Amino acid sequence: MDSNRPSYDPAFVEPKWHARWAERRTNEPDLDAAPRPYYNLMMFPYPSAEGLHVGNLFAFTGADAYGRFKRMQGLNVFEPIGFDAFGIHSENFALKLGLHPAELIPRNIANFTRQLTSMGGMFAWEHALSTTDPRYYKWTQWIFLQLFKRGLAYRKKGAVNWCPTDKTVLANEQVIAGACERCGSMVETRVLEQWYFRITDYAGRLLDNLDDPTRMDWSATTVQAQKNWIGRSDGAEVVFRVVGHDNTQIPVYTTRPDTLFGATFLVIAPEHPLAAVLTTVATRASVERYVADAAAKDLVTRRVGDREKSGVFTGSFAINPATGKPIPVWIADYVLMEYGTGAIMAVPGHDERDFAFATRFELPILRVVANEGEHAASPLEHAVVDVGHGRMVNSASFDDMPAADAKVAVTAWLERDGHGKGSVQYRLYDWCISRQRYWGPPIPIIYCDDCGAVPVPEEQLPVILPPVEDFRPDDSGVSPLARHADWYHVPCPKCGKPARRETDVSDTFLDSAWYFLRYPSTEFDDRAFDPERTRRWLPVDNYIGGNEHAVLHLLYARFVTMVLHDAGLLSFEEPFRRFRAHGLIIKEGTKMSKSKGNVVNPDEYVARWGADTLRTYLMFLGPYQDGGDFRDAGISGPRRFLDRIWELVTDALHPDCRDAEILQDVLVKWHQTKKKVAAEMDLLHYNTAIAALMELVNALREQNCVEYGVVRELVQMVAPFAPHFAEECWERLGQQGSIFDSAWPEFDEALTVTDEITVVIQVNGKVRGNVNVSRRTDEATIRELALEEAGVQRHLAGKTITKFVYVPGRLVNFVVAS
RNA sequence: GCUCGGGUGGCGGAAUGGCAUACGCAGGGGACUUAAAAUCCCUGGGGACGAAAGUCCCGUGCGGGUUCGAGUCCCGCCCCGAGCACCA
């Protein structure tokens, strides 16, 4: 490099453009008048004390590159950012440091803001938000009230998951294999009065919309995760009459009504309300002992699958409506009260769990479906669950019917004879939103002895979280706010008598279930979201985030949006038109974790290589939707790539490079690159887009081409990845304004193909040569040319050609017999 | 156990059923330099034969199959990762 050429120095370029962007408000679209609004959203971060890690940066860079690309395609892109700053994480960390979260969080947010600025995100900072801001959580509380108004928020006493370390209730979603999702402690069960949202009322719609392409275009893996979570199953409710109790019936839920004739006993959950009714004098003592034991166990232990079956006989019998025969009713904790009707018909011949139970307690096992070639009376060593092609046996008039048909036929018979009906069940549970903690929005409810649970009037919102020093949680099962009588004693809004505030705060997932509605309307304090702004910007056009939120955040956000839609407050019921899950970054082949000490701090890399190099590297190291392996050794490649473009820009400034002649090869490569990059950007295939740009750079260097127009468009195409760098190159090229207000390069389809093509010649599918011909050459000519190739002749010698395959523009294949 | 991903050089990874290993990293050789870094050029799956040019064989986790042709499609396995897990 000539000594008088200025070299690329990110330490100079990057701060320069941060200042320019801020000063010129480059990243602030006109929210009231943008003609082609495009809402580009990424999952907002939790501002941890450690700062942004490289995984966050990977996620944000990919989302940002997409937003910048869309903007260069002429859309008015709104790319907001904010902070999900309430919650147990922040509170626990504050406790550890002996700080108040209200002190800690602003500090963390300042650090995140610095880092997010340095990475060069196209963020509309004027609309940044924090969920901890009373101007924000006022509306989080308002959302709670909207649900309350519609009867979708209710209070229930029930067994809940209790984390002994975090000292709070956890949603089932937050319990992973019996342990707290956040701290890993084994979860216990407690009985507490909690607030729930009736998300189960929406299970069907939440499921059905997933398959509606007019509403949702989501990553397939995320859709699948939501489907599994909602867990629809189709079956039937069957009613069993109890012998000797004329008014007592036991409804059970089954997905296999076809096996009704094989139901040899019933099992009800220990908490089932009929447990006491069905118990006889002889069995009372043993039943009471069993039920008490079950109650002492926590919910999680009861859900561990392969425990040995336990249970107790009630002493009662029920009539199987199909056979008319009495079958015993048992109590066992493998039946869950929360699912279905809390009672099952046990079919040990065709269900592994029922089989294990029947074996343990010597209950009869009967086969009612036989697979092809299998005798119904074959030894009963295990349950036959898969009966896809089986036929009915031991089932009276249904005998010999294919099992799949019997499911429908038995359900129809049940309905006709009044023994039951077809029924759909969902695995989804209602959403418990109460948290016995401090660092969250207080639930806006006041308890009055006369009026009950009274919502705080909307004009009194927000219910400010008081700045108490003593916010440490304890084992009492009530929130720290309950220790602050001066705060919670208030008059009842209805009758004015002394009343008490709810002292629990709401789940962090409620904060994040509506933040995307707030971004376009952050300056309004008299409404959660402005109708006109919302109409212009929502639903979100593109949402990018981690699949770890596939079933929590994304489902809750959909639910809240659907409720607001039903309340007439939103015109759409699905908030995210397109969602793409990004992958995860690992370090040198292993997971990053604090304990391994291999968490990559992006600051060091930004300082050493520049944010643009780091961004380009992150987008290059693997497919965005899969993630990749961050290796220190690899980053020099992308830096070299940018250095070479810088040099091409320097050379292109020479007056001779304007409208210089472009070699045919370069011209074609240029247009092919433009075509490929645009297509790959849209699919988020950033690694291959960058590879294509690298190929163009290599071609330009090999052919010694620095034609101004080609270099200018190269700079435009690298801009989504290296925005500061591209702006600087743009300016050096003498271009006016921000490169992000320039139009994405167009390509000419006719110039993406060459006239001369290479046709591969195969003999029996093996490559034996090739010929260069004009694209217009006909098949016969190509065949003649192919036969002249030395390598082809060698392999054809003494053989007979039995077939000739011609794939236009690609290859020919001679099939020979020896 | 169930569901969804995935298995390709030394490494990260490319490949609408059509030249496997694009692009990048690391490596080897060379140029420049007092030297090093940086930069630039060449090379780059394994094996056999050959002085070389080259020729041939084998190669995308394993075993079958479909096809003129399979990393790609089908069947049966193995392994890794993620999620769910007594959901009747």
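Values in this document were obtained by computation on a predicted structure and should not be read as measured data. In the text below, chain A, chain B and the rest are named by the order of the sequence lines, each starting its count at 1. Keep in mind that the numbers below use all heavy atoms, side chains included, and drop hydrogens, waters and symmetry copies.
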Nearest to side-chain heavy atoms of A:Trp229, which nucleotide of B:G18, B:A88, B:C84 = B:C84
Might you point out which heavy atoms bring A:Trp218 and A:Val223 nearest each other, and give the distance in Å?
-> CB-CG2, 3.6 Å
Would you call A:Arg701 and A:Asp651 a salt bridge, taking side-chain N to carboxylate O under 4.0 Å as the test?
-> no
Going by atom types only, do A:Thr650 and A:Tyr8 share a side-chain donor-acceptor pair under 3.5 Å?
-> no
Using the C1' atom in both, what is the distance from B:A22 to B:A14, to the nearest Å?
-> 5 Å
Value in whole Å for how far the P atom of B:C68 lies from CZ of A:Phe804 | 15 Å
With sequence neighbours left out, write down each residue that passes ring pair (Phe, Tyr, Trp, His ring centres under 6.0 Å) with A:Phe641, or none if nothing qualifies.
-> none
Atom-pair distance (CG on A:Asn228; P on B:G83), nearest Å | 14 Å
Of all heavy-atom pairs between A:Leu274 and A:Gln249, which one has the smallest distance, and what is that distance?
-> CD1-O, 3.5 Å
How are the rings of A:His549 and A:His553 set relative to one another: parallel (under 30°), tilted (30 to 60°) or perpendicular (over 60°)?
-> perpendicular
Nearest-Å distance for atom pair CG/P, residues A:Leu552 and B:A82 | 17 Å
Please figure out whether A:Thr221 or A:Ala343 has its closest RNA chain B nucleotide nearer the 5' end.
-> A:Thr221
For A:Tyr339 and B:C86, give me the distance from atom OH to atom P, rounded to whole Å.
-> 12 Å
Distance, rounded to the nearest Å, where A:Glu647 contributes CD and B:A38 contributes P | 16 Å
B:A85 OP1/OP2 closer than 4.0 Å to side-chain N/O of A:Arg427 = yes
A:Lys676/A:Glu680 ion pair, N-O < 4.0 Å = yes
Starting from C1' on B:C40, measure out to CG on A:Leu648 and report it in whole angstrom.
-> 14 Å
Determine the interatomic distance between P on B:A70 and the same-named atom on B:A20; round to the nearest Å.
-> 11 Å
Distance in angstrom units between A:Asn547 CG and B:C84 C1', rounded | 14 Å
Contact class for A:Val760 (heavy atom, under 4.0 Å): base, sugar-phosphate, or nothing?
-> base
Describe, in one word, how the ring planes of A:His582 and A:Tyr624 are oriented to each other, choosing from parallel (under 30°), tilted (30 to 60°) and perpendicular (over 60°).
-> tilted
Pairwise P distance for B:C73 and B:C2, with rounding to whole Å = 22 Å
Choose from B:G18, B:C25, B:C56 the nucleotide whose nearest atom is closest to any side-chain atom of A:His795.
-> B:C56
On a whole-Å scale, what distance lies between the P atoms belonging to B:G50 and B:C68?
-> 39 Å
Phosphate OP1/OP2 of B:A88 contacted by A:His350 side-chain N/O (<4.0 Å) = no
Would you tell me if any nitrogen or oxygen in the side chain of A:Lys676 comes within less than 4.0 Å of OP1 or OP2 on B:U16?
-> no
Have A:Thr222 and A:Asn547 got a donor and an acceptor in their side chains that come within less than 3.5 Å?
-> yes
Could you give the distance separating B:G17 and B:G6 at their P atoms, to the nearest angstrom?
-> 15 Å
B:A88 OP1/OP2 closer than 4.0 Å to side-chain N/O of A:Tyr253 = no
On RNA chain B, check which nucleotide each of A:Val815 and A:Gly231 is closest to and give me the residue with the more 5' one.
-> A:Val815
Sugar-phosphate means primed atoms, P, OP1 and OP2; the rest is base. With that split, encode nucleotides 7-12 of chain B 5' to 3' as B, S or - using protein heavy atoms under 4.0 Å.
-> ----SB
Whole Å only: how far is the NE2 atom of A:His685 from the C1' atom of B:A22?
-> 16 Å
Before accepting this row, confirm whether a basic side-chain N of the pair A:Glu789/A:Arg768 lies closer than 4.0 Å to the acidic partner's carboxylate O.
-> no
Do A:Asn770 and A:Thr758 have a side chain donor and acceptor closer than 3.5 Å?
-> no
A:Thr758 side chain, from C-beta outward: closest of B:C23, B:G18, B:C19 = B:C19
Would you indicate, yes or no, if B:U39 has its OP1 or OP2 atom less than 4.0 angstrom from a side-chain nitrogen or oxygen of A:Arg640?
-> yes
N/O (side chain, A:Arg810) to phosphate O (OP1/OP2, B:G17) under 4.0 Å = no
In dot-bracket notation, what is the pairing pattern of RNA chain B, taking Watson-Crick (N1-N3 plus N6-O4 or O6-N4) and G-U wobble (N1-O2 and O6-N3) contacts under 3.5 Å, with [ ] crossing and | for other strands?
-> (((((((..(((.....[....))).(((((.......))))).(((((....)))))..(((((..]....))))))))))))....
Euclidean distance for P, B:G12 against B:C86 (whole angstrom) = 36 Å
Is the distance from OP1 or OP2 of B:A88 to the nearest side-chain N or O of A:Ser233 less than 4.0 Å?
-> yes
Which of the following nucleotides, B:C56, B:C25, B:G18, is nearest to the side chain of A:Ser636?
-> B:C25
Please work out if A:Arg701 contacts a base, only the sugar-phosphate, or nothing of the nucleic acid, heavy-atom cut-off 4.0 Å.
-> sugar-phosphate
Describe the nucleic acid contact of A:Gln425 in one word from base, sugar-phosphate, nothing, applying a heavy-atom distance below 4.0 Å.
-> nothing
Are any of A:Asn698's side-chain N or O atoms less than 4.0 Å away from OP1 or OP2 of B:G24?
-> yes
Where the side chain of A:Asn687 is concerned, which of B:A20, B:A14, B:A88 is the nearest nucleotide?
-> B:A14
State whether the distance check finds a donor on one side and an acceptor on the other, under 3.5 Å, for side chain A:Gln224 versus base B:G83.
-> no
A:Tyr617 ring center within less than 6.0 Å of A:Phe630 ring center = yes
Between B:G9 and B:G5, how far is it from one C1' atom to the other, in whole Å?
-> 24 Å
Separation of the P atoms in B:U3 and B:C58, to the nearest angstrom | 38 Å
ring-ring contact (aromatic ring centres under 6.0 Å, His included) with A:Trp431: which of A:Tyr556, A:Tyr202, A:Trp229?
-> A:Tyr556
For B:G81, measure the glycosidic angle (O4'-C1'-N9-C4 for a purine, O4'-C1'-N1-C2 for a pyrimidine) and name it syn if it falls within 90° of 0, otherwise anti.
-> anti
Remember a base hit wins even if backbone is also touched, and classify A:Ala633 as base, sugar-phosphate or nothing at under 4.0 Å, heavy atoms.
-> sugar-phosphate
